[in-house]
Asker: 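The structure under discussion is supplied below as structure tokens; questions concerning it will follow.
In what follows, chains are A, B, ... by sequence order, proteins preceding strands, each numbered from 1.
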2 protein chains.
Amino acid sequence: MSLINRDTDYAIKALCFMAKQNKEKLKVSDLTRALKIPYPFLRKILQALHKHGFLAASKGKGGGFILARSPRRIFLNDLILVFQGPLKLNNCFLNKKICPDVNSCLLRRKISDIEKRLKSELSLLTLDSLMINQERR
Amino acid sequence: MSLINRDTDYAIKALCFMAKQNKEKLKVSDLTRALKIPYPFLRKILQALHKHGFLAASKGKGGGFILARSPRRIFLNDLILVFQGPLKLNNCFLNKKICPDVNSCLLRRKISDIEKRLKSELSLLTLDSLMINQERR
DNA sequence: TTTAAATGATACCATATTAGTATCATTTGT
DNA sequence: ACAAATGATACTAATATGGTATCATTTAAA
Ligand code: FES
Ligand code: FES
């Protein structure tokens with residue numbers, strides 16, 4: 001059971017790589033060489049990142065992608081949101097026979113709390129924090 | 001993106017229902033009536049719960065299942081483990097080109113911490129705590 | 001001692017999600 | 001005009017999930 005799927009993983013790899021190439025515009029083929037991710041798949045992911053405002057794109061010859069935000073404004077939970085939809089545990093474990101009172105359900109509240117904490121922890125992981133990690137090696 | 005799949009969900013429903021029938025042996029058909037879960041599917045799930053020590057089973061005519069542990073010793077994270085495998089975020093976001101030092105990777109440590117906290121929070125949710133919820137309605 | 005009612009084990013099928021590809025349209029520098 | 005890039009989108013393949021079928025084994029009771 002993994003919280004992070006392939007799309008999100010590739011997106012992180014790509015964004016991180018781009019963050020290292022300070023401000024240089026990159027085309028998909030540059031990234032695919034470096035990251036060993038299949039060209040058309042990576043392209044789809046970069047297009048999605050563009051669509052959601054993480055990347056700026058320029059079309060035509062000499063075009064490519066470049067980060068549209070500071071790495072410290074790119075949060076892991078946002079990437080998960082884009083590629084995997086909203087994170088949620090489970091609305092309701094029990095059916096009416098067992099737990100008829102949806103509104104005052106203690107279990108639901110506990111689960112919702114866990115979900116919120118997880119989200120806030122994921123939002124503390126920024127692309128920036130990955131770069132810091134790089135500097136120390 | 002959900003942390004809980006159908007199997008785990010059904011397992012919780014079934015265990016919870018059984019916990020309410022204090023100590024009474026129940027056969028699959030009793031549960032399937034009450035929970036509206038398809039008979040063969042529920043049966044597979046109960047068999048798995050038995051295999052992993054959550055239920056005791058008696059075969060033959062008049063047989064059935066019964067809780068093998070106190071509800072306060074049945075933890076949500078254990079059920080997730082049985083039906084969805086070990087919960088892990090992601091081993092390694094970055095490939096060698098970007099993050100070559102697997103051992104001293106700050107990111108990995110942060111992710112591992114988040115994972116541990118999540119697990120420990122899920123382990124605080126016991127079947128017992130669901131029953132408490134029931135009493136209050 | 002036969003039989004019916006239960007679980008054990010396991011193989012199978014159906015559907016949904018995820019991973020990856022292909023293709024054509026649009027833009028743009030040369 | 002043309003080639004090189006992304007935009008959009010439809011398609012295919014592989015895997016995971018959800019659910020079924022079947023036969024073997026055990027056991028209480030007629
Ligand atoms: S678990 Fe669904 S309302 Fe309590
Ligand atoms: S992310 Fe894999 S070693 Fe750092």
Asker: When you check the phosphate oxygens OP1 and OP2 of C/dT7, does a side-chain N or O of B/Tyr39 lie under 4.0 Å from one of them?
Answerer: yes
Asker: Do the side-chain N or O atoms of A/Lys27 get closer than 4.0 angstrom to the phosphate oxygens (OP1, OP2) of D/dA5?
Answerer: yes
Asker: If you count heavy atoms of other groups shown closer than 6.0 angstrom to CZ of B/Arg73, is the number above 12?
Answerer: no
Asker: Between D/dT12 atom P and A/Phe41 atom CZ, what is the distance in whole Å?
Answerer: 18 Å
Asker: Just the rounded figure in Å: distance from C1' of C/dG8 to CZ of B/Phe65.
Answerer: 9 Å
Asker: Among the nucleotides C/dT26, D/dT22, D/dT25, which one has an atom lying closest to any side-chain atom of A/Lys59?
Answerer: C/dT26
Asker: Could you tell me the separation between the CD1 atom of A/Ile45 and the C1' atom of D/dG7, rounded to a whole number of Å?
Answerer: 16 Å
Asker: So if you build clusters from Ile, Leu, Val, Met, Phe, Trp, Tyr with side-chain heavy-atom gaps below 4.5 Å, do B/Leu118 and B/Val82 land together?
Answerer: yes
Asker: Report yes or no: is there a donor-acceptor pair, N or O only, under 3.5 Å between the side chain of B/Arg43 and the base of D/dG19?
Answerer: no
Asker: Quick check on C/dT7: is either OP1 or OP2 less than 4.0 Å from any side-chain nitrogen or oxygen of B/His50?
Answerer: no
Asker: Output yes when B/Glu115 and B/Lys119 qualify as a salt bridge under the 4.0 Å nitrogen-oxygen rule, no when they do not.
Answerer: yes
Asker: Just how far, in rounded Å, is C1' of C/dT18 from CD of A/Gln84?
Answerer: 11 Å
Asker: Between B/Lys61 and D/dA29, is there a contact of a side-chain N or O with OP1 or OP2 at under 4.0 Å?
Answerer: no
Asker: For the side chain of B/Pro40, starting at C-beta, report the closest nucleotide among C/dT21, D/dT20, D/dG7.
Answerer: D/dT20
Asker: With sugar-phosphate meaning primed atoms plus P, OP1 and OP2, does B/Ser58 contact a base, only sugar-phosphate, or nothing at under 4.0 Å between heavy atoms?
Answerer: sugar-phosphate
Asker: Could you tell me how far apart B/Lys44 (NZ) and D/dT17 (P) are, to the nearest whole angstrom?
Answerer: 11 Å
Asker: Taking atom C1' of C/dT7 as reference, at what distance in whole Å does atom CD1 of B/Ile66 sit?
Answerer: 15 Å
Asker: Grab the CG-P distance between B/Leu35 and D/dG19 for me, whole Å please.
Answerer: 14 Å
Asker: Could you tell me which residues satisfy ring pair (Phe, Tyr, Trp, His ring centres under 6.0 Å) with A/Tyr39, sequence neighbours excluded, listed by chain and number?
Answerer: none
Asker: Starting at atom CG of B/Asp30, determine the distance to atom P of C/dA5, rounded to an integer number of angstrom.
Answerer: 14 Å
Asker: If the cut-off is 4.0 Å, is A/Asn5 near the phosphate of C/dT17, judged by side-chain N/O to OP1 or OP2?
Answerer: no
Asker: Closest nucleotide of DNA chain C for B/Gln47 versus for A/Arg6: which of these residues is on the 5' side?
Answerer: B/Gln47
Asker: Could you give all pairs that pass the ring pair (Phe, Tyr, Trp, His ring centres under 6.0 Å) test and reach residues 49-86 of chain A, with sequence neighbours left out?
Answerer: none
